[in-house]
Amino acid sequence: MEKSPEKSHLKLSFKLMALLLGLMLLLTGCGGKKEVEELFFVLGVGVDLGKEEGTYVITLQMADPKISGGGGAEIGNLTVSIETDSLAEVQDKLNESLEKQPFMGTVRIFVIGEELARSGLNDAIDLFQRFSQFRRSAYLLVAKGEAKEVLSATIQGKDLPALSLLETIEGQKHFSVFPVTRLGHYLTVLGRDGQRPLIPLVEVLEKGEHGITYQSNEKGGRELTVHEAGVFQGGMMKGVLSDEESKGYLWLDDQVNSRIIFTEVMDGIKISCRIVDTKTKYKVEEINGQIGIRFIIDARGVIREIWGQKQTFNNIEWQDFLKACEPYVSQAIQKECEAAIAKSKKLQLDFVGIGRKIEVKKPKYWQQVRDNWEEQLLDIPIVYEIMVDIEHAGFVRNSPSSIEDK
């Protein structure tokens, strides 16, 4: 059953209050402590290019918790944007104009504007890795458009876009539909020769976009969606992965926890198969006379839906049908993997981390090829071994279509 906006908002408020209450305990033991009621808690930071050369527009989304005497809680939302040439200067400006001090230790979301991402974001995020209050576990996103627009959007049934994005990112870990990038992971991959970092994209949706239609609330709420991924080289976004290419990357990097695969199997029958367990391994080996990569993917799945089944099955026929579906699901997974590899070769950007895998398994060979590695991507052989075991398809063998005329 779909949650009502009121229940969803209440759940988010409870989670936020739990986070802030935990921080209260930490704050009380610090030198120069501040009382909780004297602080705004910054949840999201957006960074865009400013109008003047060399400046940035910094957007901070802050929560203002108010606890009533009766034990109730209300979360206020204060979102402000400041144009500056120094991120460190932002806090000084806010301290001059706000009645409470912004606390940066609660930042969970960094949103980078698209224009800044394409021109180079590394200078803009330098402060994020140096300032002690910022956590490297915070998530990075690239806005389709401006980061300011994302954090200032009025979200359906919710008051804090940063918290909504946090829920989306952490919730999707169970479904594996887009890459998840933390600040620390981006900085780690940035320092590798054999891999390029990815950052997922976020955009504000109007009603009806991407096939999503919803009933607007009294505030005229919109929605945020996280999908696709930007590929970075030297801090600049050089290309964008489609949803299919992003999912292929997740398979190859062993980041799939659960996925829904849609595919046609046989005689016009289509299925949706939920992958419930999977593991990806790889081997660096000689393939057709040169060093290549063999990806080995083992997956377990269950059939969730069947369309077009006209035949009724007995127990034996049903087991045969499930077994016959397995290679089709394997082919669908391989198609996503091949899409990611094809995009990597087209861009000549190794976001899959093939070079990193070679470096780990064959360090001596890596030393020979590292200087012009991405030029060699076009020629490296890739093979797949994908094995899918479909365990069951619910509690019934036959669909309504197969028994409607019986």
Side-chain angles (χ1 to χ4, degrees), residues 172 174-179 210-212 227-229 241-283 287-288 292-346 352 381-406:
Q172 84 84 40
H174 303 293
F175 298 100
S176 308
V177 292
F178 58 81
H210 287 261
I212 300 174
H227 67 139
E228 303 178 342
L241 305 189
S242 68
D243 287 333
E244 181 183 43
E245 293 159 353
S246 299
K247 292 171 183 176
Y249 160 78
L250 294 174
W251 284 113
L252 297 172
D253 204 49
D254 193 29
Q255 292 190 38
V256 174
N257 295 312
S258 178
R259 274 288 314 285
I260 300 294
I261 299 293
F262 301 91
T263 184
E264 182 173 337
V265 289
M266 64 198 80
D267 301 325
I269 299 175
K270 298 179 181 180
I271 65 169
S272 66
C273 176
R274 180 181 179 186
I275 302 299
V276 295
D277 184 44
T278 181
K279 180 66 179 177
T280 300
K281 300 178 181 179
Y282 69 90
K283 293 181 180 180
I287 301 171
N288 298 327
I293 302 285
R294 182 181 300 273
F295 287 100
I296 304 165
I297 301 175
D298 289 299
R300 291 189 301 111
V302 297
I303 294 180
R304 299 291 297 271
E305 300 166 287
I306 301 178
W307 300 274
Q309 178 192 345
K310 301 300 181 182
Q311 176 186 358
T312 57
F313 296 116
N314 59 35
N315 284 335
I316 295 176
E317 291 170 335
W318 181 239
Q319 293 303 316
D320 290 342
F321 172 76
L322 295 184
K323 187 61 64 176
C325 288
E326 292 173 354
Y328 292 95
V329 177
S330 297
Q331 291 167 18
I333 294 173
Q334 182 167 328
K335 183 173 179 288
E336 293 182 346
C337 295
E338 290 173 341
I341 293 294
K343 189 59 167 283
S344 179
K345 291 184 175 184
K346 179 181 178 180
V352 175
I382 308 288
V383 296
Y384 307 91
E385 291 181 12
I386 302 176
M387 292 150 284
V388 175
D389 178 22
I390 297 179
E391 297 180 333
H392 62 79
F395 298 105
V396 296
R397 294 192 304 270
N398 300 304
S399 71
S401 296
S402 66
I403 61 175
E404 62 184 358
D405 295 327
K406 302 296 186 286

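Heavy atoms only: backbone and side chains are in, while hydrogens, waters and symmetry mates are out. Counting from 1, the numbers follow the sequence of the chain as shown.
- Distance check: Leu252 CG to Glu338 CD gives 10.0 Å after rounding to the nearest 0.5 Å.
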Discussion item. Test side chain to side chain contact (heavy atoms under 4.5 Å, CB included) on Ile333 and Ile297; report intermediate values, then the result.
Written reply: CA-CA 9 Å; Ile333 294 173; Ile297 301 175; 4.3 Å; yes

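- The distance from atom CG of Asn257 to atom CG of Asp277, rounded to the nearest 0.5 Å, is 9.5 Å.
- The OG atom of Ser330 lies 15.0 Å from the NZ atom of Lys335; values are rounded to the nearest 0.5 Å.
- Here the straight-line distance linking atom CD1 of Ile306 with atom SG of Cys325 works out to 7.0 Å at 0.5 Å rounding.
- Residues Glu326 and Lys323 are paired through a salt bridge, judged by an N-O separation under 4.0 Å between the basic side chain and the carboxylate.
- The CD atom of Glu385 lies 10.5 Å from the CD atom of Gln334; values are rounded to the nearest 0.5 Å.
- Residues Ser272 and Trp307 are in side-chain contact: their nearest non-hydrogen atoms beyond the backbone lie under 4.5 Å apart.
- Looking at heavy atoms from C-beta onward, Arg259 lies in side-chain contact with Trp251 at the 4.5 angstrom threshold.
- The shortest heavy-atom contact between Leu250 and Pro179 is CD2-CA, 3.8 Å.
- Put simply, the side chain of Asp298 never gets that close to the backbone of Thr278: no donor and acceptor are under 3.5 Å apart.
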Practice prompt. Quick one: do Val329 and Ile390 satisfy side chain to side chain contact (heavy atoms under 4.5 Å, CB included)? Show the steps, please.
Written response: CA-CA 9 Å; Val329 177; Ile390 297 179; 4.1 Å; yes

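- No side-chain heavy atom of Val256 sits less than 4.5 Å from a side-chain heavy atom of Phe175.
- Judged purely by distance below 3.5 Å, without hydrogens or angles, the side chains of Ser258 and Arg274 pair a donor atom with an acceptor atom.
- Taking both residues in full, the closest heavy atoms of Ala299 and Ile275 are given as CB-CG2, 4.0 Å, listed atom of the first, atom of the second, then distance.
- Under a 3.5 Å cut-off, the side chain of Asn314 and the backbone N or O of Ile316 do form a donor-acceptor pair.
- Annotation: side chain of Val383 is in contact with side chain of Ile287 (closest heavy-atom distance under 4.5 Å).
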Item to complete: Test side chain to side chain donor-acceptor pair (under 3.5 Å) on Tyr249 and Gln255 and set out the steps.
Response: CA-CA 8 Å; Tyr249 160 78; Gln255 292 190 38; 3.1 Å; yes

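- Legend: side-chain hydrogen bond (donor to acceptor under 3.5 Å, both in side chains) pairs involving residues 260-271, not counting sequence neighbours: none detected.
- The pair Lys343-Glu245 meets the salt-bridge criterion, with a side-chain N (NZ, NE, NH1 or NH2) lying under 4.0 Å from an Asp/Glu carboxylate O.
- For the atom pair CD1 (Ile269) and OH (Tyr328), the distance works out to 9.5 Å, reported to the nearest 0.5 Å.
- Glu391 has its side chain within reach of Asp389: a pair of non-hydrogen atoms, C-beta onward, lies under 4.5 Å apart.
- Contact of the Thr280 side chain with the Ile296 side chain is not registered, since no non-hydrogen atoms from C-beta on lie closer than 4.5 Å.
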Item to complete: Could you walk me through whether Asp243 and Val177 pass side chain to side chain contact (heavy atoms under 4.5 Å, CB included), step by step?
Response: CA-CA 8 Å; Asp243 287 333; Val177 292; over 6 Å; no

Worksheet item: Can you check side chain to side chain contact (heavy atoms under 4.5 Å, CB included) on Tyr282 and Ile382, steps first, answer last?
Response: CA-CA 10 Å; Tyr282 69 90; Ile382 308 288; over 6 Å; no

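- Using bins of under 30°, 30° to 60° and over 60° for the plane-to-plane angle, the ring pair Phe295/Tyr384 lands in the parallel bin.
- The minimum heavy-atom distance linking Phe178 with His227 is given by the pair CB-CA, 4.3 Å.
- Contact between Leu241 and Glu228 at its shortest, heavy atoms only, is O-CB, 3.1 Å.
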